[in-house]
Amino acid sequence: MSKAATKRPTESVKPSSPPLLPADSEDSQLSLRLKQYLKPEDIEQVWAAYRFSAAAHEGQMRKSGEPYISHPVAVAGILAELHLDTPTLVAALLHDVVEDTGTTKQQISKLFGKQVAELVDGLSKLDRIEFQSATQAQAENFRKMLLAMSQDVRVILVKLADRLHNMNTLEVMAPEKRRRIARETLEIYAPIANRLGLNAIFQELEDLSFKHLYPMRYRVLAKAVKAARGNRKEVVGKILEAIKQRLQDAHIEADVTGREKHLYSIYKKISGKAGSFSQIYDIYGFRIIVKDLPTCYLALGTLHGLYKPIPGKFKDYIAIPKANGYQSLHTTLFGPFGTPIEVQLRSREMHNIAEAGVASHWLYKITDAHLTALQQQTHQWLQRLLDIQSESSDSLEFLEHFKVDLFPDEVYVFTPKGKIMALSKGATGVDFAYAVHTAIGNRCVAVKINHELAPLRTELHNGDHVEIITAVHAKPNPAWLNYVVSGKARAHIRHFLKSMQSTESAHLGGRLLNQALRALHADPAAIDESHWQKLMRDYGVNSKEEILTDIGLGKRLNVMVAHQLLAMAGGTTERGAKLTGKVLDRITIRGTEGMAVQFAQCCRPIPGDPILGFINKDKGLVIHTHDCPAIRKFRLDPDKWLDVEWDPETKRLFKVNLKLAAANQPGMLAKIAAAIADAGSNIDNVSMEESDDSVYTNMHFTVQVENRVHLAALMRGLRKIPDVVRINRVKGSGSEQRAQ
Ligand code: MN
């Protein structure tokens with residue numbers, strides 16, 4: 001089958017063909033191939049796709065002057081050679097209609113089913129990404145990106161057939177473009193074909209790339225090889241006869257053929273290191289195919305009896321297969337004329353895998369367990385597919401099983417400079433920013449994905465172009481920790497927050513301590529440095545800041561520290577009753593304390609609300625409203641909370657949750673948004689409850705206001721909208737899930 005697969009499929013669609021449905025005529029090459037293995041109803045589907053594609057591409061020409069439809073027909077022909085299934089052939093015929101004719105995925109889905117639509121969609125996505133950088137590592141990442149985006153092995157198989165046909169018809173392109181496509185084929189597509197074990201396609205892609213990339217070298221080498229092959233004919237014939245005879249004598253049934261290296265592999269060997277053409281070419285290659293695995297070893301022994309093996313040259317790829325699943329025995333023998341003879345021995349089944357790789361699953365039944373992870377995955381997936389198919393298929397479930405994730409842990413995206421980065425699956429804009437550089441991560445404020453602004457938390461997908469927007473004074477946000485997936489981003493964010501938090505907590509701790517001191521009628525400035533030193537020794541810490549940070553974080557009680565400092569100063573304090581903290585002045589909250597003071601997300605206090613403070617280990621001071629349901633049970637326990645009040649000068653904006661019931665009619669959300677803007681407020685978040693066709697819908701808003709007066713004005717404005725029937729502020733846990 002290998003020879004047939006490498007045949008140019010273009011021959012089936014000569015430009016001279018009449019314009020009237022040439023490909024589906026009874027004796028066209030595609031038609032003949034389809035009849036070999038498809039049922040009549042499947043063939044009819046292929047022709048339906050052909051007619052649709054021909055109509056869609058009507059009037060379009062290839063550069064060669066042929067009608068465009070000749071290209072998809074040729075691609076389908078290559079795949080029919082591999083006996084691929086009907087959806088693959090249909091997708092091959094339709095592979096360019098989305099990009100070139102404006103046909104939509106929905107249309108394809110309606111006419112040819114969801115599965116075909118998914119395949120065509122996958123192919124269109126591959127078409128849209130372009131490979132620029134040429135470094136080794138980047139090429140590897142790009143190959144992975146293509147495979148990851150394919151999801152379905154059949155997508156990449158169609159893509160390879162597409163590329164093969166384009167390479168076969170490259171002559172008409174301008175030299176510059178020809179070289180670019182040839183280089184891309186050599187670096188990206190040929191290695192993918194190799195990796196999938198599609199040997200015939202791999203070799204043809206390499207040789208075609210070689211031809212267009214180095215036309216002179218190709219011509220010289222091709223000529224030399226042709227001449228050498230002529231000279232060698234006689235010798236090869238003699239060795240071939242000797243091997244056949246010896247195997248026959250041993251009663252081993254075998255298919256023995258002379259084997260020629262493909263041009264590009266000869267070229268690589270010559271241009272690689274030492275070795276002239278004659279040295280490399282002066283090796284005879286043979287391939288022996290036998291019926292099963294044990295016979296391989298039997299034939300090997302027989303062969304070693306005929307010619308002596310060269311020590312150190314034997315390789316057992318049957319026991320240890322190559323990464324792409326390739327299996328064979330390789331041995332090199334001392335030939336009769338002093339030249340080495342390279343021999344490959346394999347079973348029929350191994351041969352099929354060697355030539356067609358993953359596609360061999362479609363062509364042949366495979367029983368051998370020696371498959372690589374990728375092949376096993378494909379194999380299992382195929383096995384399941386065959387099971388489902390035979391069981392009568394539910395189309396949705398069917399589709400489920402077609403999805404394979406070749407790189408389940410990674411996602412590949414482009415930087416603005418066209419470099420490809422591999423990130424963990426689920427990575428967001430923040431992960432990307434930190435992957436580029438720590439300083440970018442620490443200063444990122446937004447992300448552009450495929451040139452459109454998106455929230456930083458947006459998950460990135462294969463092939464996305466990602467650009468980070470930074471601001472000089474931006475800082476990492478603790479909320480990022482909720483969605484970053486990479487260890488690097490997480491570690492950097494934590495580190496930054498920790499150092500920032502301890503500074504801010506120390507500041508708050510200082511304020512808390514001073515207030516405790518003043519409540520005890522002591523002047524904070526009068527505390528002697530030596531008392532601090534003694535306290536530090538007592539606590540076993542190294543700095544005053546550590547003690548203040550601990551107070552700010554609630555790990556030490558400000559009143560206790562104040563008493564201890566004063567006791568060292570020798571002053572008598574009114575111990576006992578005053579230790580509860582009740583005598584303290586209230587601490588004022590400005591909202592600018594940073595991370596040391598947090599505003600509870602359950603009730604979202606705003607200036608004007610009566611508030612309470614809770615010292616929370618690790619989080620620092622958390623501010624709730626007096627009536628917050630989340631803290632109701634602690635209210636009776638005064639040791640747990642701290643008297644706080646708003647600083648009248650507080651100026652920043654605070655978030656508050658609103659619930660609003662309004663008529664379920666178009667334009668309502670816009671009216672509400674306008675009223676909020678008119679009141680000088682911003683919308684931070686909005687969500688709507690699932691509407692059950694009722695007249696009214698509940699909407700949830702998180703808006704930003706300065707204080708209660710501002711909020712009251714905003715709510716008045718909203719009530720004036722006709723058909724807003726109810727509006728109220730939400731406090732308590734009910735809103736917590738929605739809070740970011
Ligand atoms: Mn194409």
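Whatever order the structure lists ligands and atoms in, that order sets their numbers, starting from 1.
- Not counting sequence neighbours, the partners of Glu171 by the salt bridge (Lys or Arg N to Asp or Glu O under 4.0 Å) test are Lys211.
- Salt bridge Arg163/Glu184: present, at least one basic N to carboxylate O contact under 4.0 Å.
- The ring-ring contact (aromatic ring centres under 6.0 Å, His included) pairs that include a residue from residues 98-122 are Phe52-Phe112, where partners are two or more places apart or lie in different chains.
- Remark: Asp162 pairs with Lys159 by the salt bridge (Lys or Arg N to Asp or Glu O under 4.0 Å) rule, at least two apart or across chains.
- A salt bridge does not link Lys125 with Glu118: none of the charged nitrogens is closer than 4.0 Å to a carboxylate oxygen.
- Listed by chain and number, the protein atoms of type N/O/S under 2.8 Å from the Mn ion (ligand 1) are His71 NE2, His95 NE2, Asp96 OD2, Asp162 OD1; waters are omitted.
- Between Arg154 and Asp85, at least one side-chain nitrogen of the basic residue sits less than 4.0 Å from a carboxylate oxygen of the acidic one, meeting the salt-bridge criterion.
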